[in-house]
2 protein chains.
Amino acid sequence: MSDTLTFRQQQVLDCIRQFISDTGMAPTRAELAELMGFQSKNAASDHLRALERKGYVRLHNDRSRGIQMLDAALWPEDELPVVGKVAAGLPIEAIENVERSVPVPQGMFRQRPTYLLRVQGDSMKDAGILDGDLIAVRKSNMARSGQIVVARIDDDVTVKTLKLGNGSATLMPANDDYAPITVGADQLVIEGIFVGLIRDAV
Amino acid sequence: MSDTLTFRQQQVLDCIRQFISDTGMAPTRAELAELMGFQSKNAASDHLRALERKGYVRLHNDRSRGIQMLDAALWPEDELPVVGKVAAGLPIEAIENVERSVPVPQGMFRQRPTYLLRVQGDSMKDAGILDGDLIAVRKSNMARSGQIVVARIDDDVTVKTLKLGNGSATLMPANDDYAPITVGADQLVIEGIFVGLIRDAV
DNA sequence: ACAGGTACTGTCGAAAAGAACAGTGTCCTT
DNA sequence: AAGGACACTGTTCTTTTCGACAGTACCTGT
């Protein structure tokens, strides 16, 4: 499945998707030709056969408007690993840490996350990040002051708001019961940046 | 929209939904008749006209398979409507309220949500629900005490924790700046139950 | 040079599908 | 008892739609 499409084929596929979204039905050969600017409906027919051969659509024989979009043509999904308890000494995304994986559609978050991390503890509760939440993290080793980051200090992975001073970095919790942690900027390893959150209420 | 359907009309509507879900296209009059066990395709035609009159489907004239599902009922399996500002007097999922739609994979939340609602205000911030968050809501007109619900009071839609007393209901905010609202249990319309949350950090 | 894929135009007949008309019977309300 | 909505059967006619055939042109790899 999912051979690569030519430019024209991709346009045709987008056109079909748009048509279905607007009208609730698939276009006929003639309508597709009209939309794409073809003079002949057979051009549309040829494209459809190509799309079928490559596994993007299914054509129902002798059925009018029998163009069925298949998964490959629908929302391309990324399976992202869910990282649970992070074992000391291992990279955060090491297989040992992966709890399971969850399909996360592209476009759900404006910044594409690299992995999901299960939050432990309520040190960020005032920022709306609760114990057990999944946070979407984009892997990055740099961050700007004010961003919520996933950071590692001495093999401990924490989620905090980053404040950068001159030569030092402070990890600010969002909970009065916790104290800020200040370390030299060189002792801090940024693992990623918080780009979104998923909570599953029971 | 949404006149009440007769039993038979409801069956026809479900049948169409099923067919579209299976084949990606709407049934013809003949196919619908066959599925429903009608001897005549005109029976199907009549039902379709009734469904159109009541606002459940749109029939595209002289187009084969030109049955377009209108109700929020037909959002593709994993694509959920995002409800933004709710207009007074309209059902919460009315098309007028839909901002856009977002693909939400099955299994992302343990309870399958019906729609997503964009949160306005921070009255639930201590429950980790912030202004601008998308909450996943399962449509339901009943809820248990202690659940976070989407409720409607006098055309206002709010998200609060529900506390049920004897004969009365209290909507508890999770923010000290807001006061609980107590109403008679009969004045309260439960729209749905909070089943999850999606936040897109920028 | 030539085969093979892609990207079209143009035409035609046959099958699929919609629409309209003419009925029948059952409920329910007035 | 009469009228109207509902739920069908059965038929005919017209339009829509598909699919197949015939042909042109432009690339690309061999």
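We name chains A, B, ... by the order of the sequence lines, and we start the count at 1 in each one. Side chains included, hydrogens not; waters and symmetry mates left out as well; all remaining heavy atoms used.
For C:dG18, the base has a donor-acceptor partner in the side chain of B:Lys41 [N/O atoms by modelled type, under 3.5 angstrom]. In terms of polar N and O atoms assigned as donor or acceptor, the side chain of B:Asp46 comes within less than 3.5 Å of the base of D:dC8 in a complementary pairing. Between the side chain of B:Ser40 and the base of D:dG10, at least one donor-acceptor pair of N or O atoms lies under 3.5 Å.
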- Query: How would nucleotides 24-30 of chain D be written as a contact map, 5' to 3', with B for base contact, S for sugar-phosphate-only contact and - for no contact, using protein heavy atoms under 4.0 Å?
  - Reply: -------
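Between the CG atom of A:Leu59 and the C1' atom of D:dT17 there is a distance of 14 Å, rounded to whole Å. Atom-to-atom, NE2 of B:His60 to P of C:dA19 comes out at 12 Å; the value is rounded to the nearest Å. The nearest whole Å value for the distance from the CZ atom in B:Arg49 to the P atom in C:dC21 is 10 Å. With rounding to whole Å, B:Arg29 atom CZ is found 12 Å from D:dT17 atom P. Residue A:Phe38 contributes atom CZ, which lies 15 Å from atom P of D:dC18 at whole-angstrom precision. If you take CZ of B:Arg63 and P of C:dA17, they are 16 Å apart, rounded to a whole angstrom.
Near DNA chain D, defined here as any heavy-atom distance below 4.0 Å, there are no residues from residues 30-37 of chain A.
The shortest distance between the side-chain N/O atoms of A:Gln39 and the OP1/OP2 oxygens of C:dA7 is not below 4.0 Å. Look at A:Arg53 and you'll find a side-chain N or O under 4.0 angstrom from OP1 or OP2 of C:dT6. B:Thr6 has no side-chain polar atom (N or O) that falls below the 4.0 Å cut-off from OP1 or OP2 of D:dA5. Between A:His47 and C:dC8 there is a side-chain N or O to OP1 or OP2 distance below 4.0 Å.
Residue-to-nucleotide proximity on DNA chain D shows that, of B:Ser64 and B:Arg8, the 5′-proximal contact is made by B:Arg8.
Within 4.0 Å of B:Asn42, counting heavy atoms only, lies at least one base atom of the nucleic acid.
Residue B:Asn61 has its side chain nearest to C:dA19 when only D:dC8, C:dA19, D:dT17 are considered. The side chain of B:Arg65 lies closest to C:dA17 when the candidates are C:dT9, D:dT9, C:dA17.
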